[in-house]
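In this text the structure is predicted, and so the values were computed from the model without any measurement. Both counts, for ligands and for their atoms, begin at 1 and track the order of listing.
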Amino acid sequence: SLRRVLVWLVVLLSVNACLMSTGNTRQPDGGKTGRNPNIVIFYVDDLGYGDVGYNGAVGVKTPEVDRLAKEGIVFTDAHTTSATCTPSRYSMLTGQHAFRNNAAILQGDAPLLIQPGSHTLPGMLQKAGYRTGVIGKWHLGLGNGSIDWNSDIKPGPLEIGFDYSFLLPATGDRVPTVYVENHRVVNADKNDPIVVNYELKLDGYPNGLDNPNLLRQAADKQHSNTIINGISRIGYMKGGEKALWVDEEFPNVLTSKAKDFLRAEKDKPFFLLFSYHDIHVPRLPHPRFKGKSTMGPRGDAIAQMDWMAGEVMNELKKLGLADNTLVLFTSDNGPVVSDGYDDQAMELLGAHKPGGPLRGGKYSAYEAGTRVPTILWWPGKIKAGTSSALISQVDLYASFAALVGQPLAEKEAIDSQNLLTSLLDHTQPGRTWLLEESYTTSLRKGDWKYIEPLPKEKRLPDFMKNKGVEGGFQHNPQLFNLSSDIGEKHNLSGDNPALVTSMQLEIEKIRKK
Ligand code: NG6
Ligand code: CA
C-alpha cells in the first residue's frame with residue numbers, strides 16, 4: 001500500500017542519514033565497491049539466555065561469543081518467535097508467524113514446510129544480488145511427501161532461495177542421520193539404499209528399546225528407535241551405512257563447510273545461515289572438548305559451539321571480510337537441560353542457570369522459551385553497547401530488506417517489522433508489542449506479559465515436567481509485569497481485567513491479519 005511504501009521510504013532515508021552522520025557510508029570494503037554487507041547468522045540450537053559467558057554462565061566459558069558481545073550490540077530483550085525449533089526457523093525465513101502455517105516440530109521425513117515460489121528471506125537477498133547458503137541443521141522438511149533418499153531430494157532449501165545447502169535434514173536425534181548436500185545424500189550408495197520410516201520398524205540397525213546394552217546414553221521411549229553411533233534416535237532407518245554421520249565430527253565438518261562457503265563467495269555479497277546442531281541432544285561433543293566445562297556433555301557442547309563461532313570469525317577476518325560483514329549471533333529457542341537422553345546434564349548443572357533470571361525454557365510460554373542471547377556484530381559500522389529494545393527474529397526479514405535496499409511486496413513478510421535502526425543503534429527502541437508462540441500464545445506489550453489460557457477442555461501439556469522445564473500453561477489467564485517481576489512469579493491478571501481483555505483482543509487481531 002502507499003502507506004507501507006511511504007513508511008519504508010522514510011525509514012530508508014533516516015537509516016541512510018544515520019549512517020552518513022556517523023561518517024559511515026554503505027561502502028565497506030574500504031569504499032572499493034560500495035557493495036552491500038555480507039550477512040552471517042550464527043543460529044545456535046537450544047542455547048539459553050544464561051548459557052553464555054557475558055550473561056553469567058557458570059561452569060563453561062564462551063570467550064569467542066563474549067568477544068562478539070564486547071565488540072557488538074548485546075540485546076537483552078530479543079526473541080525467537082517460538083519456544084521450539086521448526087516454528088522459529090519458519091518465522092525467521094518467511095517473516096510470518098508460525099501459526100499462519102501451523103508450523104510445529106517436524107519428523108525427519110516431513111515435507112518441506114515452505115512452498116517454493118513463496119517469499120523467503122534468502123530469496124529476497126538473492127534478488128538483491130546475494131549468494132545464499134545454509135549449513136547445518138534444517139528441520140523445515142524436505143521433498144513433497146515421499147522422499148527418495150537415494151535420488152534428488154527436492155524441493156528443499158535450493159528451491160526456496162538458497163544457492164547452497166549442507167544439511168542435517170531434521171535434528172541430531174532424528175533419522176536419517178546423514179548429511180544432505182544440495183539435492184543429494186553425501187556418500188549415498190545405490191547398493192545400500194536408505195529407507196526411513198517414522199511408524200514402522202525396519203530391520204537392519206538395532207533399535208534402542210530392545211538393545212539398551214548397545215547404548216552410550218540411556219534414552220526415553222521416544223528416543224529409543226534406530227541406534228546409530230551408539231545412540232538411539234527418533235524414527236527408523238535402514239541402509240546408507242557409508243553415509244552415516246559421526247556426531248563427534250559435527251564441529252569439524254560444519255565449520256569446514258562454512259569456511260569453504262566463505263572462500264567461494266568472498267567476492268560477492270553473501271548470506272550464510274550457520275545453523276548449529278549444538279547444543280541440542282544428543283550431545284556428543286568432539287573428544288577435544290571433553291572436560292572443557294564442569295557440566296558434562298551439555299557444557300562441553302557449549303564450549304564446542306563457542307569454538308566453532310571463533311573459527312568462522314577467524315576465517316572472515318583472514319579473508320578481509322570482517323569490516324563488511326554483519327554478524328548476528330542467536331539461538332532458535334530457549335534452553336532445555338534434559339531432553340530425552342541421560343547425559344548427566346541435570347546432575348552436573350551446579351549453579352549454572354541456563355535461562356539466567358528468566359522463568360521456563362524450551363517449549364514454555366514463559367520468557368526463557370523465546371528470549372535468547374542475541375548479538376549484532378559489525379565493528380566500524382555500529383557502536384558497541386547494550387540494547388533493551390524488544391525485537392523478534394521475525395523482524396530480520398524486513399530489517400535486512402531495508403539494509404540491502406530491497407523493497408517488499410504487499411504480501412511479503414507480513415509479520416516482519418523493519419527494525420534496522422534498532423538493530424544498528426543500541427539507543428533506539430524496538431517493537432511496542434511482540435508475540436511468543438508455544439503450546440499457547442503469549443503477548444508482550446512493553447513490560448507487560450500476557451499468557452493466553454488454554455481452553456478448559458484441552459489437557460495441559462505436561463511432558464516438560466521430566467525435562468525440568470516449567471511450561472507455564474494454565475486454564476487461567478496470566479499477566480506479569482516484567483519491569484518488577486522478570487521471573488514471572490506474580491500473576492496480576494486478577495487486578496488488571498481490562499488489560500487482560502485488551503491483550504487477548506490484540507492476539508486475536510494479530511491472528512486475523
Ligand atoms: C521433541 C523431542 C526433543 C527434540 C524436539 C525438537 C521430546 C520428548 N522429544 O519431540 O528431543 O528433538 O522434539 O527440538 O520432546 S527442537 O529444538 O528441534 O525444537
Ligand atoms: Ca531448538
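When non-hydrogen atoms are compared, ligand 1 lies under 4.0 Å from the side chain of Lys137 (C-beta onward) but not from its backbone. At a heavy-atom distance under 4.0 Å, atoms from both the backbone and the side chain of Asp339 approach ligand 1.
Scanning the protein for heavy atoms near atom 7 (C) of ligand 1, the closest one is Gln222 OE1, 2.8 Å. Of all protein heavy atoms, the one closest to atom 16 (S) of ligand 1 is Cys85 CB, 3.1 Å. In terms of protein heavy-atom proximity, atom 15 (O) of ligand 1 is nearest to Tyr363 OH, 3.0 Å. The protein non-hydrogen atom at the shortest distance from atom 1 (C) of ligand 1 is Arg174 NH2, 3.6 Å.
Ring planes of Tyr439 and Phe473: perpendicular class, angle over 60° (limits at 30 and 60°). Below 30°, between 30° and 60°, or above 60°: for Phe162 and Phe271 the angle between ring planes is below 30°, a parallel geometry. His280 and His277 have tilted rings, their planes meeting at an angle from 30° to 60° on a 0 to 90° scale.
A salt bridge links Asp339 to Lys467: one of the charged nitrogens lies within less than 4.0 Å of a carboxylate oxygen. Here Lys257 pairs with Glu181 in a salt bridge; the nearest charged N to carboxylate O distance falls below 4.0 Å. Salt bridge status for Asp395 with Arg431: present, with a side-chain N to carboxylate O gap under 4.0 Å.
The distance from ligand 1 to the heavy atoms of Asn333 drops below 4.0 Å at these ligand atoms: 17 (O). Near His139, with a cut-off below 4.0 Å to any heavy atom, the atoms of ligand 1 are 18 (O). Ligand 1 places these atoms under 4.0 Å from at least one heavy atom of Asp45: 17 (O). The distance from ligand 1 to the heavy atoms of Lys467 drops below 4.0 Å at these ligand atoms: 7 (C), 8 (C), 15 (O). Here is the list of ligand 1 atoms found below 4.0 Å of a heavy atom in Thr84: 19 (O). Every atom of ligand 1 with a heavy atom of Asp173 under 4.0 Å away is listed here by number and element: 3 (C), 4 (C), 11 (O), 12 (O). Residue-ligand proximity, Thr171 to ligand 1, at heavy-atom distances under 4.0 Å covers atoms 18 (O).
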| field | Check against salt bridge (Lys or Arg N to Asp or Glu O under 4.0 Å), Asp343 and Arg283 | value | CA-CA 7 Å; Asp343 60 8; Arg283 299 174 187 123; 2.9 Å; yes
| field | Asp51/Arg298 under salt bridge (Lys or Arg N to Asp or Glu O under 4.0 Å): CA gap, chis, key distance, verdict | value | CA-CA 10 Å; Asp51 278 328; Arg298 186 175 185 276; 2.7 Å; yes
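Of all protein atoms, those of element N, O or S that lie under 3.0 Å from the Ca ion (ligand 2) number 5.
For the pair Ile194 and Val178, the minimum side-chain heavy-atom distance is below 4.5 Å. Proximity of Lys458 to Thr440: side-chain heavy atoms (C-beta onward) are nowhere separated by under 4.5 Å.
Aromatic pair Tyr276/Phe274: ring centres closer than 6.0 Å.
Considering backbone and side-chain N/O of Thr86, none are found under 3.5 Å from N/O of ligand 1. Considering both main-chain and side-chain atoms, Lys362 comes within under 3.5 Å of ligand 1 through a nitrogen or oxygen pair.
Side chain to side chain, Asp342 and Gln217 fail the donor-acceptor criterion of an N or O pair below 3.5 Å.
A cation-pi geometry, defined here as NZ or CZ lying under 6.0 Å from the six-membered ring centre and within 45° of its normal, does not hold between Arg184 and Trp149.
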